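None of these values were measured; they are calculated from a predicted model.
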Amino acid sequence: MEISRDTRLKDVIKTASGHDIIARLLYSLGLDLDTVRKTPLGLLKVSALKRLSLGKLSGDSVDALIEILNSLSDDEPSEDGEIRQEWWKEAVFYQVYPRSFRDSNGDGVGDIPGIIEKLGYIKSLGVDAIWCSPFFDSPNADNGYDIRDYRKIMAEFGTLDDVKRLIEECHKRGMRLIIDLVMNHTSDEHEWFRKALSGDGKYADYYIWKDEPNNWTSFFSGPAWRYFPETGRYALHLFADKQMDLNWDNPEVRREMYDIADFWLGLGADGFRLDVVSFISKAEGLPDGDPTVGKLISFTGIEHYFHGPHLDEYLREFNREVLEPHKAYTVGECPGNGIKMSRMITGDDRGELSQLFSFDHIDNPGKKRFDVYELDMRKMMPELLRWQTEYSDHCWPTLFFDNHDNPRMCSKIDHEGRYHDEINKLLATILLTMKGTPYIYQGSEIGMTNYPFSDISQYRDIESLNFYKEHTGSGMPEKEALKRLLYGSRDHARVPMQWDGNLNAGFSDAEPWIAVNPDHEKINAADEYFDPDSVLNYYRYMIGLRKDHRKTLIYGSFRKIGSGKDVLAFVREANERFTVVVNLTGRTVRRPEGILGDRIISNYKDTSEKLRPYEAEVYFSRV
C-alpha cells in the first residue's frame with residue numbers, strides 16, 4: 001500500500017509500519033491509538049496530522065513520516081497453527097547486573113564468583129534462566145556495554161574460567177544462562193577501531209564515517225558524531241562517544257559478530273539478550289533526521305535506524321548461520337518497534353529472534369523518563385493489554401517492569417513509598433499471571449526502591465552525568481536538573497543488591513563502587529526470606545503458582561473482563577480458570593461484580609467489601 005498525504009489515517013494503521021509509527025506519534029503527544037481507531041478522527045487524511053498534533057508537526061515532518069512509512073516492510077507473520085511450546089515460554093528469567101550483585105573478593109565491585117555464590121538463592125525463587133549483563137573486557141565508559149574484547153572478561157569481574165564455571169553451575173542447578181551481547185557498537189579501544197585509526201582500510205570499513213556529520217543526536221546527550229583527527233572524519237556513536245557504531249552493511253563485520261556469538265554458544269551459553277539490536281541497520285546515505293520528530297521522540301535521526309532497511313535480512317542471516325544450529329534463544333532490545341513491527345521480528349515463521357523487549361509501558365503516554373511525575377498505572381494498562389490481545393499466539397511477549405536501564409517501577413508509581421509492599425506484590429501478580437515470559441530484575445523480588453540521590457557526585461552512570469552537564473550548561477538550574485535525575489536516572493537500578501541489613505547490605509566488605517540504599521536495613525533478602533508476608537515470599541508463591549498451572553497460566557487463553565479504568569480484571573483459562581483483579585489506583589474503589597471462584601492470594605491479609613489502594617487478588621475456579 002502506497003501512503004500519501006491523502007491516505008486516511010484509519011487505512012494507514014492497517015499496515016504494520018503505519019500502525020506502529022502512528023501509535024508512537026500519538027503516544028508522544030499523550031494520545032492513544034483508539035483516537036484513530038474508534039473516533040471520526042480516523043477519517044482524517046495523513047495531511048491532517050499537522051493539525052492533530054496542535055502544530056507540533058510541520059508539513060515537512062508529515063512528508064518525512066510518509067517517506068518512512070513507504071520504506072518499511074509490512075510482511076506480517078502467519079497466524080496458522082497451534083501455539084508452539086518452548087522452554088523459554090515456560091521459563092521465569094532473572095536479570096543479574098554483575099557489578100552490583102555480589103562482591104566476592106572485597107574490592108567493592110560485584111563479580112562472577114559472587115554470582116556463583118548466590119545461585120542457590122536465585123534457584124530458590126523458582127527461576128529457570130539467568131540473563132547476565134555484560135562481563136566482557138571493557139574500559140567501562142558505559143558499565144560494560146562498551147566492549148574492548150568480546151572473548152576476554154573484565155578483570156574486576158573475574159576470568160574466562162570463572163564464566164565457564166558460572167555456565168556449568170547454572171546447568172547443574174537446572175538453570176540456563178543467556179549472555180548480554182552488544183552487536184551494534186564496540187569500544188573505541190577495541191582492536192578493530194584502533195586499526196581503523198591507524199589507517200587500515202579494512203578496519204575503517206568496520207565502522208560508520210562521514211566527512212561532515214548529519215544532525216543525529218546521541219542517546220547520551222549531544223551529537224552522535226565524534227571527530228578523529230587521525231582520519232580527518234567523523235565516526236558515528238549513537239550512545240557514548242567511546243561506543244562506536246559498527247557498519248553492519250559490511251559482510252566482514254557480520255561474520256566477525258557471528259563468530260563471537262558462536263564462540264560463546266560453544267562454551268555452553270544458552271542464548272543472548274541482544275543490546276539495541278534493532279539499530280544495527282541504518283538508512284542508506286545517513287540522511288538528516290526530521291527535527292520536529294526528533295523533538296517529539298527525544299532523539300533526532302531515530303526514524304532512520306529504529307528498524308533499518310536491512311534489519312530483518314541481517315537477523316535472519318544471524319539466526320540461520322549461528323542461532324538455529326545451536327537451538328539458541330534470543331531476546332532483542334528493540335526500542336521504537338511497536339506490536340506490528342515486533343511481530344515481523346519474532347513471528348514463529350520469521351526466523352529472526354525468539355522474543356524482544358518493548359518499552360512503551362515503562363512511562364505514561366506523553367511522558368519521558370526524566371520527567372518529574374508519578375506514573376499512573378491506569379495509563380500504563382492499555383499498552384500492556386494490547387500486547388496480550390494483539391501480539392498473536394505465534395509471537396510471545398516479554399513481561400517486565402524493571403531492568404538495569406530504568407528506575408524502580410514501585411518508586412515511579414509511589415515516590416514516597418506509602419504502599420511499598422502492596423505495589424510490589426501487585427507488580428508480581430501481573431508479571432506472573434499475564435501471558436508471556438516474565439523477567440525479574442535483581443532486587444525487584446524484595447521490593448528494592450529508588451536511591452535518595454541529592455548531589456551529582458553520588459551518580460555514576462554516564463547518561464545521568466551527561467544529562468546534568470548538558471542541561472545545566474544550557475541554563476537549567478542545578479536544583480531542577482538534580483530533581484529530574486532523581487526521577488529518571490538509571491543508577492537507581494544499579495545500587496548494590498540488598499542481601500541483609502548489615503554494613504554495605506551484605507554486598508561487599510569494602511566500600512561499594514556506588515552507594516548502598518540506606519533502606520537496606522528494612523528491605524533485604526535475609527529478613528524477607530523468613531517473613532511469610534514479605535515481598536520475596538509473595539514472588540516465590542506466584543512463581544510456583546505459574547509453574548503448577550502451566551497449561552492455564554502459560555498457554556491458556558487471555559480475556560480482559562470489565563470496562564472500568566480504575567480496575568484491571570482479566571481471566572486466564574484452559575481446563576481451569578484464574579481471575580485476576582487489580583486496583584490500579586491509590587484509593588478505595590468499587591469491586592467488580594461477577595468474579596467467579598475462590599480467592600487464593602492477595603496483597604492484603606484480610607478481605608474487604610471494596611478494593612483497597614493497589615489491592616491485587618487472584619481467584620481460582622474449575623471450568
ask   = Is the backbone N or O of K368 less than 3.5 Å from a side-chain atom of D371, with the two atoms forming a donor-acceptor pair by type?
value = yes
Donor-acceptor contact present, side-chain R273 to main-chain V331, <3.5 Å = no
ask   = Of the non-hydrogen atoms in L431 and P438, which two are nearest, and what is the gap between them?
value = O-CB, 3.7 Å
key: Ring-face cation of R102 near W499 (centre distance under 6.0 Å, axis angle within 45°)   = no
key: Check: L486 main-chain N/O paired with S489 side-chain donor or acceptor under 3.5 Å   = no
task = May I have the step-by-step check of ring-ring contact (aromatic ring centres under 6.0 Å, His included) for W131 and F93, ending in yes or no?
result = CA-CA 7 Å; W131 153 24; F93 281 77; 8.7 Å; no
inquiry  = Checking the side chain of N424 only, and the main-chain atoms of C410 only, is there a donor and an acceptor separated by less than 3.5 Å?
reply    = no
ask   = With a cut-off of 6.0 Å (strictly less than), are more than 12 heavy atoms of other residues, nucleotides or ligands near NZ of K547?
value = yes
inquiry  = Apply ring-ring contact (aromatic ring centres under 6.0 Å, His included) to residues F135 and F157 and explain how you reach the verdict.
reply    = CA-CA 7 Å; F135 44 61; F157 282 0; 7.9 Å; no
ask   = How are the rings of F400 and H361 set relative to one another: parallel (under 30°), tilted (30 to 60°) or perpendicular (over 60°)?
value = perpendicular
request  = Please determine if K435 forms a cation-pi arrangement with F558, meaning its NZ or CZ atom is less than 6.0 Å from the six-membered ring centre and no more than 45° off the ring axis.
outcome  = no
message = Would you compute the distance between atom OG1 of T429 and atom CG of L545 and round it to the nearest 0.5 angstrom?
response = 10.0 Å
message = For K560, I'd like to know if atom NZ has over 12 heavy atoms of other residues, nucleotides or ligands within 6.0 Å.
response = yes
task = Find out whether Y555 and E82 are in side-chain contact, i.e. whether some heavy atom of one side chain is under 4.5 Å from a heavy atom of the other.
result = no
remark   = Closest non-hydrogen atoms of M409 and D402, given as atom of the first, atom of the second and distance, are N-OD1, 2.7 Å
key: Proximity of F620 and F578 rings by center, below 6.0 Å   = yes
ask   = Do you know which two heavy atoms are closest between I116 and D162, and how far apart they sit?
value = CD1-O, 3.8 Å
query = Is it the case that N337 and S342 place a side-chain donor and acceptor less than 3.5 Å from each other?
reply = no
query = How long is the span from the CZ atom in R572 to the OG1 atom in T579, to the nearest 0.5 Å?
reply = 11.5 Å
query = Around atom NZ of K551, are there more than 12 heavy atoms of other residues, nucleotides or ligands at under 6.0 Å?
reply = no
ask   = Is a side-chain N or O of D270 found less than 3.5 angstrom from the main chain of L177, in a donor-acceptor match?
value = yes
inquiry  = Return the CZ to CG distance between R316 and N319, rounded to the nearest 0.5 Å.
reply    = 10.0 Å
ask   = Centre of W87's six-membered ring, under 6.0 Å away, within 45 degrees of the axis: is that where NZ or CZ of R176 sits?
value = yes
message = Under the side chain to side chain donor-acceptor pair (under 3.5 Å) test against E445, which residue among Y538, Y539, Y94 passes?
response = Y94
query = Quick one: does L125's side chain get under 4.5 Å of I440's, heavy atoms only?
reply = no
request  = Answer yes or no for R612 and Y604: cation-pi contact, defined as NZ/CZ to six-membered ring centre under 6.0 Å and angle to ring axis within 45°.
outcome  = yes
Side-chain ion pair, D348 and R350, N-O less than 4.0 Å = no
query = Does a salt bridge link E422 with K425, judged by any charged N lying under 4.0 Å from a carboxylate O?
reply = no
key: Expected output: side-chain N184 to main-chain V277 donor-acceptor under 3.5 Å   = no
ask   = Any Lys/Arg nitrogen of R490 or D461 sitting under 4.0 Å from an Asp/Glu carboxylate oxygen of the other?
value = yes
Salt bridge (Lys or Arg N to Asp or Glu O under 4.0 Å) between R591 and E617, intermediate numbers included = CA-CA 11 Å; R591 186 181 295 279; E617 302 176 317; 2.6 Å; yes
key: Proximity of F299 and F306 rings by center, below 6.0 Å   = no
query = When you measure from the centre of the six-membered ring of Y529, is the NZ or CZ of R540 under 6.0 Å away and within 45° of the axis?
reply = yes
inquiry  = Any salt bridge linking R460 with D491? Criterion: basic side-chain nitrogen under 4.0 Å from a carboxylate oxygen.
reply    = no
key: Among N364, N450, D363, the one residue meeting side chain to side chain donor-acceptor pair (under 3.5 Å) with K412   = D363
key: Residues K164, E169; criterion salt bridge (Lys or Arg N to Asp or Glu O under 4.0 Å); working and verdict   = CA-CA 9 Å; K164 290 177 181 178; E169 292 295 331; over 6 Å; no
query = When the ring centroid of H520 is compared with that of F507, is the distance short of 6.0 Å?
reply = no
pair E374-I413: side-chain heavy atoms closer than 4.5 Å = no
remark   = To the nearest 0.5 Å, atom CE of M381 lies from atom NZ of K565 at 14.0 Å
inquiry  = If I take atom CE from residue M380 and atom CG from residue L584, how far apart are they, to the nearest 0.5 angstrom?
reply    = 9.0 Å
Salt bridge flag under 4.0 Å for residues K522 and E528 = no
message = Aromatic contact between F136 and W264, with the criterion being ring centroids under 6.0 Å apart: yes or no?
response = yes
query = Given E615 and R599, is the salt bridge (Lys or Arg N to Asp or Glu O under 4.0 Å) satisfied, shown in steps?
reply = CA-CA 13 Å; E615 186 163 9; R599 190 176 84 155; 3.7 Å; yes
key: Side-chain (Q498) to main-chain (N524) donor-acceptor, under 3.5 angstrom   = no
key: Check: H404 ring centroid to Y145 ring centroid under 6.0 Å   = yes
key: Criterion side-chain contact (heavy atoms from CB on, under 4.5 Å) on S100 and Q442, from CA distance to verdict   = CA-CA 9 Å; S100 301; Q442 66 183 46; 3.8 Å; yes
ask   = Between R386 and E390, is a salt bridge (Lys or Arg N to Asp or Glu O under 4.0 Å) present by the stated rule, with each step listed?
value = CA-CA 5 Å; R386 272 194 283 273; E390 298 179 22; 5.1 Å; no
query = How close do Q95 and S133 get, heavy atom to heavy atom, and via which atoms?
reply = NE2-OG, 3.1 Å
key: For P496 against P512, the heavy-atom pair lying closest together   = CG-CB, 3.9 Å
key: Side-chain ion pair, R418 and D414, N-O less than 4.0 Å   = yes
ask   = Where the side chain of T346 meets the backbone of L353, is there a donor-acceptor pair that is under 3.5 Å apart?
value = no
task = For the pair S354 (side chain) and Y329 (backbone), establish whether a donor and an acceptor sit closer than 3.5 Å, ignoring hydrogens and angles.
result = no
task = Flag yes if more than 12 heavy atoms outside Q85 fall under 6.0 Å of its CD atom; otherwise flag no.
result = yes
task = Flag the pair W387 / F357 as yes when their ring centroid distance falls below 6.0 Å, and as no otherwise.
result = no
task = For residues G271 and L265, report the shortest heavy-atom separation together with the two atoms involved.
result = N-CD2, 3.9 Å
